[in-house]
Amino acid sequence: MRLLGIETSCDETAAAIVEDGIKILSNEIASQVDIHARYGGIVPEVASRQHTLSIIPIVSSAMKKAKTTWSEIDAIAVTMGPGLAGSLLTGVNTAKALSFAHCLPLIGVNHLEGHIYANWLNGTLPEFPLICLIVSGGHSDLVLMRGHGNYTMLGRTRDDAAGEAFDKAARVLGLGYPGGPAMEKAAMNGKNVIPLPRAWLKGTNDFSFSGIKTALLRLAEDGKITNPADGAASFQTAVVEVLVSKTIDAAQEYGVKQIILCGGVAANKTLRQTLLTKSPLPVIIPPMILCTDNAAMIAACGYYRFQAGKTDDLSMDVVPNLKLT
Ligand code: KG4
Ligand code: ZN
């Protein structure tokens with residue numbers, strides 16, 4: 001079964017063809033990072049306009065790279081939320097038009113569920129029950145998964161998401177945009193020598209990253225961070241320490257078989273390596289390109305929804321604050 005996946009929730013216009021929810025035939029991404037870099041962050045209106053320019057060429061390119069014709073496509077999966085309303089609309093309306101024109105089933109996918117299903121594109125299929133740590137620009141969620149589409153939210157961030165914290169810290173340290181990768185790069189040349197607080201929120205599976213961000217800002221304002229690389233290394237160490245430790249604790253508490261990691265921050269090598277080294281349980285992490293926003297993960301997730309009979313009709317709308325339920 002071949003699915004076309006479409007993802008336009010934020011600033012990447014992406015389309016992919018995935019077979020049976022596990023095999024990527026193509027995975028095309030048009031990044032807008034250079035366009036938004038000059039503003040130091042994503043400008044929603046600019047993102048929407050750019051999606052409308054890129055979406056048809058990106059879908060065509062995904063079809064071409066997968067050497068696939070429309071008669072070989074079985075369904076179309078598209079991100080319907082959460083995300084920027086204008087950005088989501090481009091993907092959803094394109095998917096609706098293609099579904100109508102080619103008489104194909106339409107499947108609305110939650111972007112976060114898509115991130116989770118990037119782990120099914122890894123060669124080794126995850127085993128239930130498992131704990132999933134989703135760390136992206138807008139979310140830091142600990143989720144218990146007992147089966148396909150079966151989610152229990154164990155904890156979430158009470159303020160900033162991990163990716164958001166990396167982005168804000170990069171701004172404080174003058175490391176540029178996009179912040180997460182810039183922090184990781186700078187941290188490679190720095191040392192963990194700046195004392196920063198960790199919010200453990202004991203007795204809960206929740207996270208909090210605003211305190212550490214503010215602590216970094218105060219130290220920078222007081223001129224106590226002379227080398228931004230040390231600031232980046234210390235910040236990265238603190239965030240990774242909390243994420244890894246709380247994920248392992250939750251996995252042990254719920255007696256799961258595996259841990260899976262996903263979302264843009266999962267591209268961070270220190271996070272990947274620390275979780276792999278410290279976890280007593282098997283850990284699955286998608287390859288870097290499948291951690292940040294892409295459409296292969298949306299097609300993979302769409303496949304499992306389709307198997308469960310979950311399709312949508314043309315009345316489907318975007319839901320910018322869609323929750324994982
Ligand atoms: O999942 P994603 O691509 O988009 C959202 O759904 O939000 O995640 C983007 C977030 C950004 O905050 C970005 O700075 C962060 O992931 N990120 C990283 C790295 N690569 C991306 N954070 C830390 N280290 C990285 N290497
Ligand atoms: Zn994302």
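Values in this document were obtained by computation on a predicted structure and should not be read as measured data. One-based numbering, in listed order, for ligands and for the atoms of each. Numbers here are sequence positions counted from 1.
The nearest heavy-atom contact from the protein to atom 24 (N) of ligand 1 is Asn268 ND2, 3.1 Å. Looking only at protein heavy atoms, the nearest one to atom 15 (C) of ligand 1 is Val265 CG2, 3.9 Å. Of all protein heavy atoms, the one lying nearest to atom 22 (N) of ligand 1 is Gly180 CA, 3.4 Å. At the top of the distance list for atom 26 (N) of ligand 1, counting protein heavy atoms only, stands Glu184 OE1, 2.6 Å. The nearest protein atom to atom 2 (P) of ligand 1, hydrogens excluded, is given as Asp293 OD1, 3.3 Å; this is a heavy-atom distance.
For ligand 1 and Gly137, the ligand atoms under 4.0 Å from any heavy atom of the residue are 5 (C), 7 (O), 8 (O), 9 (C), 10 (C), 12 (O). Atoms of ligand 1 found under 4.0 Å from any heavy atom of Gly163, numbered from 1 in the order shown, are 12 (O). Short contacts between ligand 1 and Thr292, defined as distances under 4.0 Å to a heavy atom of the residue, involve ligand atoms 3 (O). Atom numbering of ligand 1 starts at 1 in the shown order; those under 4.0 Å from a heavy atom of His115 are 1 (O), 6 (O).
At least one heavy atom of Gly138 lies less than 4.0 angstrom from ligand 1. Heavy-atom separations between Pro181 and ligand 1 include at least one value shorter than 4.0 Å.
Residue contacts with ligand 1, taken as heavy atom pairs separated by less than 4.0 Å, involve His111 solely via side-chain atoms from C-beta onward. With a 4.0 Å heavy-atom cut-off, ligand 1 is reached by the side chain of Asp167 but not by its N, CA, C or O. The residue Met183 has no part lying near ligand 1, judged by heavy-atom distances below 4.0 Å.
Between Phe128 and His148, the ring planes lie perpendicular to each other; the angle is over 60°, past the 30° to 60° tilted range. Ring-plane geometry between His115 and His111 is classed as perpendicular, the angle between the planes exceeding 60 degrees on a 0 to 90 degree scale with a lower cut at 30. Using a 30° and 60° split on the angle between ring planes, Phe166 and Phe235 fall in the perpendicular class, above 60°.
For His139 and Phe207, the distance between ring centers is not under 6.0 angstrom.
Looking at Ile194 and Lys224, their side chains never come closer than 4.5 Å, going by heavy atoms from C-beta outward. The side-chain heavy atoms of Tyr151 and Cys132, taken from C-beta on, include no pair separated by under 4.5 Å. Contact of the Leu219 side chain with the Leu196 side chain is registered, since non-hydrogen atoms from C-beta on lie closer than 4.5 Å.
Atoms CG and CZ, from Leu104 and Arg2 in turn, are 13.5 Å apart once rounded to the nearest 0.5 Å. Met1 contributes atom CE, which lies 4.5 Å from atom CZ of Phe306 (distance to the nearest 0.5 angstrom). Rounding to the nearest 0.5 Å places CG of Leu275 at 9.5 Å from CG of Leu281.
Of the candidates Gly179, Gly264, Ala170, Gly264 brings a heavy atom nearest to atom 19 (C) of ligand 1.
For Gly263, no nitrogen or oxygen atom sits less than 3.5 Å from a nitrogen or oxygen atom of ligand 1, counting backbone and side chain alike.
Around the Zn ion (ligand 2), the protein N, O or S atoms found under 2.8 Å comprise His111 NE2, His115 NE2, Asp293 OD1.
Side-chain polar atoms of Thr69 and Glu72 form a donor-acceptor pair below 3.5 angstrom. Side-chain atoms of Ser210 and Asp160 form no donor-acceptor pair, as typed in the model, at a separation below 3.5 Å.
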* To do: I would like to know whether Glu12 and Cys10 meet side chain to side chain contact (heavy atoms under 4.5 Å, CB included); could you show each step before the answer?
  => CA-CA 6 Å; Glu12 319 281 9; Cys10 194; over 6 Å; no

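Shown here for Ile73 and Leu4, the closest heavy-atom pair between the two residues is CG2-N, 4.2 Å.
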